[in-house]
Engineer: 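The structure's right below; bear with me while I get my questions together.
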Amino acid sequence: MRIRITAALAALALVPAGALAEEGEVDTAALQGKVESLTEQFLETKGTVDKLSKLKFSGYVQGRYGWLEATDYTNAKNTARQGFFIRRGRLKASYDSGVGKFVMQLDATQSGVSLKEAYGEFDVPMVKNLTVGVGQVLLPFGYDVGVRSSSDLDLLERMQAARSFLNGEYDRGIVVSYAKGPIAFRGGVFNGNGVDGGQYDNDNLKDVVGRLSFDLGMITGGVSGWFGKERVYQDVLSGTTVVIAAGDYDRTRLGVDLQAYLDLLPVGGTAIKGELITGKTAINASLTSQNIGETGTGWAVLLTQNVGMNDVVAVRYDTFDPRTGLDDGAGGRSTAVWSFGLHHYLNDAVKLSAVYDLPQYVKVPTAGASKDPKASAFTVQLQAKF
Amino acid sequence: MKRIALSLSAALVLAPALAQAAVTVKGSDTMVILAQRWAEAYMKANPGRKVQVTGGGSGTGIAALINGTTDIANASRAMKDSEKAKVRDRFSVLPAETAVARDGVAVYLNEANPVEQLTVAQLRGIYSGDITNWKQVGGNDAPIVLYSRENSSGTYVFVKEVVLEGDDYAASAQTLPGTAAVVNAVAKEKNGIGYGGGAYARGVKEARVVGADGKGYAPSAEAVKAGLYPLSRPLFMYTRGAPSGEAKEFMDFCLSPAGQAIVTEVGYFPVK
């Protein structure tokens, strides 16, 4: 529109110089030539603008203040999320050519800049709704990681089992997506070590990960699977004791998720969501006897209630047992967390959130030990998104 | 006493704000005149009620519904599944779709153009850029000048889906900001062709479009209602969840006999 107005004004500006052969007489041929020239320039500019409009930028910044019940400065974990900090600072660029898509997403925080996503995806010719992507992509597993964006989390962080089994959330591989009616599938072959697992795979064993989902409008859900192996090349010793024996260990996960959306209350929509994940060998920066080959199980139930146009309250119960084989009082350690959240949308781009987390141990290693981890946390976050 | 004073103060502060609270309606340019006429009649029949209508295109209205800046989104196309999912993710409810009128997307030609009738395949050829001269479709030996809408327009999306079968418009198509601008351009350009709502066709002629039975149809009430005109579509209002409160009252008025009479007056076709 702006280009057209500029072109019209330019045409009018040129009229006195060239279009009037004599005073009071319009040289229509000259004027026609100028208009055609401007039309040509307009079409050229339009072509360039059309190409540029396929390139889109989006992103968000999450600035937080975190308060922890007990602060132990000798423990690095306890100093990680308190005071003021940037939780996520995302910038995403995507180019959609119509037959393919190219995406790159960076995460910039006080810890540095890391690559979250980088992939190319193309539509398979002759097959509608079938795409193939290659690169570093979001793991197609579960709802909390596979569907819900980090900018939309109702309790600001994902459920414990997702953070443990899908740590990093992204991995390198090839992914196929297909949708027909209410059914969709997204799955592929991945290195399996997660986004923080180094630039190259440490073995030639690949993991297959996928989610089959359905969308009936008011009810959505899916089942997810992850089947792979983790190879340990040589015995890991502690002194002379073998802590992890060389060999191939199962790295598997199974997940089920269900979401229901209810338009019952006059104040706004209600959502109830549940997810269960069970599996072996969590992704960690360094494997230990605590996680390799170990079976863990976690589940969470979340309730959200919209209140008017700008407010949402959320409550979640989230429990995770990373070593289901060990009982309470006999080496086991599992945690359940009640979380309470409130979100207020200041406008369509800015959201203020406050979340209180109340964790309790369900299993403790030794009988009689306290089940209060003294790890309650209160977080306030301001998110700006574009 | 203090409590009463506080309540009165609050009432004084809030009363003007509540009195000015309006139902906001945003979206389809095709529907903007119709929605304005509805709003005028509704406010006349219900003094004290306020309805604010703005255009911008179906995509703009749907985006406003998703980010919570409008109560009702007018759309001349159905919402995409991805757009519905965005409403659900943000508000935990599905958007409710209400067909409030029907429209026949008219193909505008200059009144001096001898072409009277086109097939959908010919329109596809013209708007994809494969057919560039009127003589290829039985007209004069003259280049075809294409006018189109902006990509935020529901009519743009409808023509892209139904006529172009998802393919891109020719690069030479000049995009104009509103159906009235398209009509105006075609009225002035003897080799021009454009498209838009039937209610806007002033100073141009509407081409007949060949239907499935091989006959050419103008976007008349009979042809649209009977499903014979190939470029007809419903016009929708979308709300977050089932309509409620004043938005529902306004929509009920739009669907009432008085509201549907306005549909006919404006040049569209009633659904009731």
Side-chain angles (χ1 to χ4, degrees), chain A residues 1-5 39-40 42-44 46-51 53 97-99 128-129 147-149 151-152 154 179 181-182 184 215-220 259-273 303-310 312 314 343 345 347-349 351 385, chain B residues 21 24 56-57 63-71 79-82 84-97 129 143 145-152 160 164-178 181 185 188-189 239-245 247-248:
Chain A
M1 177 62 185
R2 194 172 294 163
I3 293 165
R4 291 185 57 76
I5 292 168
T39 304
E40 208 168 285
F42 165 71
L43 290 175
E44 198 175 310
K46 183 173 173 288
T48 307
V49 171
D50 284 349
K51 280 180 193 166
S53 70
S97 68
V99 291
K128 203 176 174 187
N129 296 332
V147 178
R148 205 74 171 142
S149 161
S151 63
D152 296 327
D154 298 289
D215 185 341
L216 301 177
M218 301 286 279
I219 298 177
T220 61
Q259 303 81 42
Y261 303 89
L262 310 165
D263 190 8
L264 296 176
L265 301 178
V267 291
T270 311
I272 302 169
K273 302 173 183 180
L303 172 75
T304 65
Q305 176 64 54
N306 283 259
V307 182
M309 291 291 294
N310 300 318
V312 182
H343 306 276
Y345 288 82
N347 53 48
D348 59 333
K351 180 172 67 169
K385 189 178 181 182
Chain B
T24 53
L65 191 78
I66 291 167
N67 63 34
T69 54
T70 190
D71 298 313
M79 275 181 82
K80 299 171 192 166
D81 287 345
S82 58
K84 290 179 182 174
K86 282 178 184 170
V87 172
R88 186 178 62 195
D89 287 348
R90 166 66 182 81
F91 295 99
S92 298
V93 290
L94 284 169
E97 177 183 281
V145 180
L146 292 176
Y147 296 106
S148 175
R149 290 293 318 281
E150 292 165 315
N151 61 9
S152 58
K160 186 172 180 180
L164 290 168
E165 296 179 337
D167 287 343
D168 281 337
Y169 285 85
S172 59
Q174 296 180 45
T175 53
L176 297 174
K188 288 179 179 165
E189 171 54 62
T239 51
R240 286 176 293 273
S244 61
K248 182 178 185 306

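Note on naming: letters A, B, ... go to the chains in the order of the sequence lines (proteins, then strands), and numbering restarts at 1 for each one.
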Engineer: Chain A heavy atoms under 4.5 Å from B:D89: which part of the residue, side chain, backbone, both or neither?
Structural biologist: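 Interface part for B:D89: both.
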
Engineer: Report the residues that fulfil salt bridge (charged side-chain N to carboxylate O under 4.0 Å, His left out) with B:D168, sequence neighbours left out, ordered by chain and then residue number.
Structural biologist: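 Once residues adjacent in sequence are excluded, the partners of B:D168 under the salt bridge (charged side-chain N to carboxylate O under 4.0 Å, His left out) criterion are B:K160.
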
Engineer: Under 4.5 Å heavy-atom distance to chain A, tell me which part of B:R90 shows up: side chain, backbone, both or neither.
Structural biologist: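 For B:R90, the contact with chain A is made by backbone and side chain together.
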
Engineer: Can you tell me which of A:T270, A:D152, A:V147 forms the most heavy-atom pairs within a distance under 4.5 Å of chain B?
Structural biologist: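 Answer, by heavy-atom pair count under 4.5 Å with chain B: A:T270.
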
Engineer: With the threshold set at 4.0 Å, does a side-chain nitrogen-carboxylate oxygen contact exist between B:K84 and A:D215?
Structural biologist: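 No, no charged N to carboxylate O under 4.0 Å.
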
Engineer: A:A271 and B:S92: which non-hydrogen atoms are nearest, and at how many Å?
Structural biologist: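 Result for this residue pair: CB-OG, 3.5 Å.
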
Engineer: Do you know which of A:Q305, A:Q259, A:R148 has the most heavy-atom pairs under 4.5 Å to chain B?
Structural biologist: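 Result: the option with the highest number of such pairs is A:R148.
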
Engineer: Rounded to the nearest 0.5 Å, how far does CG of A:N347 lie from CG of B:N67?
Structural biologist: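 Going from the CG atom of B:N67 to the CG atom of A:N347 covers 9.0 Å.
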
Engineer: Can you tell which part of A:T220 gets under 4.5 Å to a heavy atom of chain B, answering side chain, backbone, both or neither?
Structural biologist: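 For A:T220, the side chain is the part near chain B, not the backbone.
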
Engineer: For A:L262 and B:V93, which heavy atoms make the closest approach, and how far apart are they?
Structural biologist: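 Heavy atoms of A:L262 and B:V93 come nearest at O-CG1, 4.4 Å.
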
Engineer: Please classify the contact of B:A181 with chain A as side chain, backbone, both or neither, using a heavy-atom distance under 4.5 Å.
Structural biologist: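 Contact with chain A is absent: no heavy atom of B:A181 under 4.5 Å.
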
Engineer: For B:A173, is it the side chain, the backbone, both, or neither that has a heavy atom closer than 4.5 Å to a heavy atom of chain A?
Structural biologist: backbone

Engineer: Could you tell me whether B:E97 atom CD has more than 12 heavy atoms of other residues or ligands within 6.0 Å of it?
Structural biologist: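 Yes, CD of B:E97 has more than 12 neighbouring heavy atoms, counting only those of other groups under 6.0 Å.
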
